[in-house]
Amino acid sequence: MLLPRFAAVALAASAFFIRPTWAQSAPAASPASYHDYAALTRTVRELADGSSGMVTLENIATTVSERNVWCLRLAAPGGTPPEQRPAILIAGGIDADAPGSSEVALAVAQRLADSARTQPDGPEGALLKSHAVYVVPRANPDGIETFFEPLKRGSRLNARPLDDDRDLAMNEDGPNDLNGDGVITVMRVKDAAGEWTIDKDEPRLLKKADRLKGEKGEYRLYVEGIDDDGDGELNEDGTGGVDDDRNWPHLYESGAPGNGPHQLSEPETRGLAEFVLAHRNITAALVFGRNDNVANVQKGNAKGPTGQDFKELHPDDVKLYETISEKFKEITGVKTPPAGHVEGALYAWLYSQQGIPTFAINPWGPLDSLPAASQPASGPASGPAAAPEPGRPPTPPEGGPPMGGPGQRPRRGMRFGGGGRGGFFGGPPPGMSAGPIAPSPETDGLAAGVESSETLKKWLRYGETTPETPLFVAWTSVTHPTLGPAEVGGLRPYATLAPPPADIPAIAEKQIAFLHYVAGLLPANSPPTCGRSTCG
Amino acid sequence: MTNDSLIPTHLAISRQVGNPAFTLKPLLPAERIVGGLIQERIPYLAGGGERAERRWIIRGAAGEKVAFRAFNRVFGEIKTEITLQPTAPGQEGN
């Protein structure tokens, strides 16, 4: 009788407690700036060409703007063929409003390749001998490219031309830079019927008037812009497009603006899906972007609309994620990012429909290291807008994506003023006959850049520590052609999702440490121990 | 087979979506497998050292090497080889 007994896995649990030696490595040099598509392409090609076979470059999709979605395969030559090794997928830049995620993914790939090449017996060399690492540094190159446009819109969308307002014209009514500061923020217009009032604790911000407490609204809110096409709606059909992180099959919200005509409708989402399906050796995935499921672990009880699918985690996986979460927070220092928006997200598809242990990571968490506030934050309620910094490079972080970024999406026809994080704002402009203004993907979530919340107040405090890159555009007066006197201001686009370029290497270093940690926990092929036999 | 890592071979969600199990078989002609299935399935192994055990009765000679193959489309192929050893009557299975 035979008793085959061999280890499928030989990774010692003690690795869990060992202080990772990679944490002591020196960070790579700071990039001079973020990489636009041309610079990204140059960088990944150089990385592959100079890697002595450690890195191979593949184009897995071509977007509507003819940009390639690059995938770097990192694996030490020799030994088990890379496609037969356990693999870890790292994806960045799926969220167009999170350019920092792309930079971090690219920096991780560079650092892994450089270390493995120069120190083959070091931690990175060992990792790439036993595993393959697939890095897609920019899953949404068209969307991220909007970050490099002169006018910063904080758009979540790719470049697919869409007729958002069904008027047979495309991209004809996007936001407009009324105060000439190079960024799109929020307009507030005095209106006694408005829902919004100034937060007395933080006069830069607004809050919903609580009518039950006798508070009165003073303002209506709109996205900065005019009615370019004269249809009575503001900014309802700007450039693009589809949000590539709402285009995946798990809990896909059909018909919602910006989600695309159908699941995986975009060349880049389809290409990445095909890549995953063709690489069944992917045993774990790290998705950098605006979502999170590892610092804030969901409880696993929520279900999707049909009641069949788990919305976030399977309940039986929660404990595992909680264990990994503790280590993630210890390694990275990122503790309180906004939770993920699971519907149609890449990370949700990887976990919920492919069964891959997937960690959605918002890699930059400066708020977690802020000193406690000694007094309520304050700042100018109004005043001249911060002038565009002369000579400012096009790539440093500026502006802020919607604080409620991972939050709700507006639905066409819903009224501005619904509020909530990432919600809807503004209302029908006085004197306009078109009824409620329907928010478009262009306007999605911008209200959260001015809506008072503890998180936004923390971001304002953080902004005060970086005066060279102001995060908040001070309210300044403009005259709107149809709304009359108005003020423009709010959190800058990309403010919370584009860390300073100089911080990218350190952020990437922490994510590499987490990558090592995850790799050490994975079941992996290893020389099996011998079984035993008995003969009778 | 043993999984000594923390993460299970299949998350709970992975089992729910029906990701394939491990298959495990002796690399022998079917006529030499006297007892047991030609190919066994191991649905998953939880982390922390969970073990799955499968048994066969095969025809063979003492000292003969017999290969076994485990396969999963994610984890690939794992092979091992054992040497049949004579065992005193009454000691089988120890």
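Everything quoted here is computed from the prediction, not taken from an experiment. In the text below, chain A, chain B and the rest are named by the order of the sequence lines, each starting its count at 1. Just so it is clear, the values below take in all heavy atoms, side chains as well, and ignore hydrogens, waters and symmetry mates.
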Point to revise | Crowding at CD1, B:Ile38 (>12 non-hydrogen neighbours, <6.0 Å) | key: no
Practice item. Output all residues satisfying salt bridge (charged side-chain N to carboxylate O under 4.0 Å, His left out) with B:Arg32, sequence neighbours left out; order by chain, then residue number. Key: B:Glu64
Review point. Checking B:Pro26 against chain A: side chain, backbone, both or neither under 4.5 Å from a heavy atom?
Key: neither
Check your understanding: Tell me the salt bridge (charged side-chain N to carboxylate O under 4.0 Å, His left out) pairs involving residues 20-29 of chain B, sequence neighbours left out?
Key -> none
Point to revise | side-chain contact (heavy atoms from CB on, under 4.5 Å) assessment of A:Ile361 paired with A:Phe514 | key: CA-CA 11 Å; A:Ile361 295 169; A:Phe514 182 63; 3.8 Å; yes
**Study point:** Which of A:Asn281, A:Asp317, A:Ile324 touches chain B most, by non-hydrogen pairs under 4.5 Å
**Key:**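 Greatest number of close heavy-atom pairs with chain B: A:Asp317.
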Point to revise | Heavy-atom proximity to chain B below 4.5 Å, by part of A:Glu83 | key: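 No part of it gets close to chain B.
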